[in-house]
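Written below as structure tokens is the structure these notes are about.
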Amino acid sequence: MMADDERAHETRDDAAWQDDVRQGVRYVRDLDHLPLSPAERAAAQAAAANHKVRIPKAYLDLIDWNDPQDPIRAQVIPSPLELVEAEGELDDPIADHEFSPVPRLTHRHADRVLLFPTYQCAVYCRFCFRKESLTSIGRGYSQGALEPAFAYIEAHPEIREVILTGGDPLSLPDKALAEIRARIEAIAHVRLLRIHTRVPVALPSRVTAGLVEALQGRLMVTVVTHFNHAREITEATEAACRTMRQAGFVLLNQSVLLKGVNDTVEELEELCRGLMYRLGVKPYYLHHGDLARGMAHRRTTIAEGQALAAALRQRLSGICNPVYVLDLPDGGGKVPIGPCHVEARDGESWRIRGQDGVVRVYAEVVESSRDRGAHRCS
Ligand SMILES: *Cc1c(COP(=O)(O)O)cnc(C)c1O
Ligand code: SF4
């Protein structure tokens, strides 16, 4: 029967992703099997001492080894430039630790918390803004380690969203995910479980029926993926996203703006269209490169980012368009830093730049202030 055949084709089992992990880069010594020059290999090994290397086979296979500037390669193969630290770079670029009342939890906005079930990932991205935590804490999952965080969430009824991040939560076994989900689900004031993950990008075979089932329950589930380039959109990543959409998960994506990876309007346009039109994933944030150490070679200027954001706004539909944000280092949170369209204001008269670049005068029309006052005071 047709439907059964299709389902058999779609179902990925644990053996598939385990092969992807085993045949990928797991240890520094596995870099020896990659087509790097001796100089590149030595540099990569030195850089890997600072931030772990791990690349599943599915992601490794996307690299074009003939192109030294390949955008997939740039995201995962250690570069000697990572060892060059610039003044102003930080260990904890977005102040995760400053807002951490108990281990493995960050609470900066009243209604939502970050929960760190593991500090390990399926892939280690060279530009990671948490790489210091991944190296210095580095630990995996245990239910006991999370108990103080769960107790904290229980004691704070204003928390509505629990965001699993890390590390990569989807690098955990189904059983651990089901345990975490059940524990959070038992806290009545929590409404939504959000998962920040690069697994659907780098290890799409891990998105199995079992994984999806582990997350299903009372809570609304939102998965925020992390695609940075259109070349990461493949049949395998399509299948992973389809599985999650069919489970009823809301899918969003955050990208990091990275010099030499995705800092052209053509690349970002193709990425955003592919996300929405092929994967059914809504582009959510485009992050300005944060101040992680050794990443100056991948950072653009804010002005460059703004020009890209303005061009995307012109080219893409609203649903394909991400918000360009900066996560302020002192814990000021994520703020939009895209081009500003409001040029000036004179009372009820605003000068606003249109999408075509032309500034227009917009006169507000509301009830007069005297009338409104009359409604309020008697
Ligand atoms: C990014 C972040 C969130 C989530 O913010 P949204 O704007 O809701 O995506 C929550 N807490 C902390 C500490 C964060 O860094
Ligand atoms: S998957 Fe996320 S947390 Fe892990 S290395 Fe990549 S960016 Fe960092």
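Just so you know, ligand 1 is whichever comes first in the structure, and atom 1 is the first atom listed for that ligand. The basis for the numbers below is simple: all heavy atoms, side chains too, and nothing from hydrogens, waters or symmetry mates.
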For atom 8 (Fe) of ligand 2, what's the nearest protein heavy atom and its distance? Cys128 SG, 2.3 Å
Ranked by distance from atom 2 (C) of ligand 1, the top protein heavy atom is Lys334 NZ, 2.4 Å
Looking at Arg160, is its backbone amide N or carbonyl O close enough to the side chain of Asp111 to form a donor-acceptor pair, meaning the two atoms are under 3.5 Å apart? no
Closer than 4.0 Å to some heavy atom of Ile163 - which atoms of ligand 1 meet that? 4 (C), 10 (C)
Does the side chain of Arg198 come within less than 4.5 Å of Leu170's, by heavy atoms? no
Quick check: does Cys121 put an N/O/S atom under 2.8 Å from atom 4 (Fe) of ligand 2? yes
Can you establish whether the number of heavy atoms outside Glu235 located under 6.0 Å from its atom CD is more than 12? no
Closer than 4.0 Å to some heavy atom of Arg198 - which atoms of ligand 2 meet that? 1 (S)
Are any of the N/O atoms in Asp96 less than 3.5 Å from those in ligand 1? no
Taking only non-hydrogen atoms of Phe99, do any sit less than 4.0 angstrom from ligand 1? no
Using a 6.0 Å cut-off, check whether atom CZ of Arg218 has over 12 heavy atoms from anything other than its own residue. yes
Select one of side chain, backbone, both or neither to describe which atoms of Val113 lie under 4.0 Å from any atom of ligand 1, heavy atoms only. neither
Give a yes or no on whether the backbone of Val102 and the side-chain of His107 come within a donor-acceptor separation of less than 3.5 Å. no
Within the 4.0 Å heavy-atom shell around Arg108, which atoms of ligand 1 are there? 12 (C), 13 (C), 14 (C), 15 (O)
Quick check on atom 2 (Fe) of ligand 2 - does any protein heavy atom sit closer than 4.0 Å to it? no
The residue among Glu89, Glu85, Glu87 that forms salt bridge (charged side-chain N to carboxylate O under 4.0 Å, His left out) with Arg293 is Glu85
Heteroatom proximity flag, Arg194 to ligand 1, N/O under 3.5 Å: yes
Please could you name the atoms of ligand 2 that Cys125 approaches to less than 4.0 Å, counting only its heavy atoms? 1 (S), 5 (S), 6 (Fe), 7 (S)
Look at atom 7 (O) of ligand 1 and say which protein heavy atom is nearest, naming residue and atom and giving the distance to 0.1 Å. Tyr285 OH, 2.6 Å
Can you find an N or O of Tyr284 that's nearer than 3.5 Å to an N or O of ligand 1? yes
Looking only at N/O atoms, are Thr106 and ligand 1 under 3.5 Å apart anywhere? no
Would you say the side chain of Arg108 lies within less than 4.5 Å of the side chain of Glu98, judging by non-hydrogen atoms? no
Side chain, backbone, both or neither: which part of His109 comes within less than 4.0 Å of ligand 1 when only heavy atoms are counted? side chain
On the ring face of Tyr27, is Arg29 found with NZ or CZ under 6.0 Å from the centre and within 45° of the axis? yes
Closer than 4.0 Å to some heavy atom of Val123 - which atoms of ligand 2 meet that? 1 (S), 4 (Fe), 5 (S), 6 (Fe)
Pull out every atom of ligand 1 sitting under 4.0 Å from any heavy atom of Ile94, numbered as shown with elements. 15 (O)
How are the rings of His156 and Tyr152 set to each other: parallel, tilted or perpendicular (split at 30° and 60°)? parallel
Does the ring center of Tyr285 lie less than 6.0 Å from the ring center of His196? no
Taking the side chain from Tyr124 and the backbone from Cys121, do they hold a donor-acceptor pair closer than 3.5 Å? yes
Contacting atoms of ligand 1, where contact means under 4.0 angstrom from a heavy atom of Arg112: 4 (C), 5 (O), 6 (P), 7 (O), 8 (O)
Looking at Lys57 and Asp20, does any basic side-chain N land under 4.0 Å from a carboxylate oxygen? no
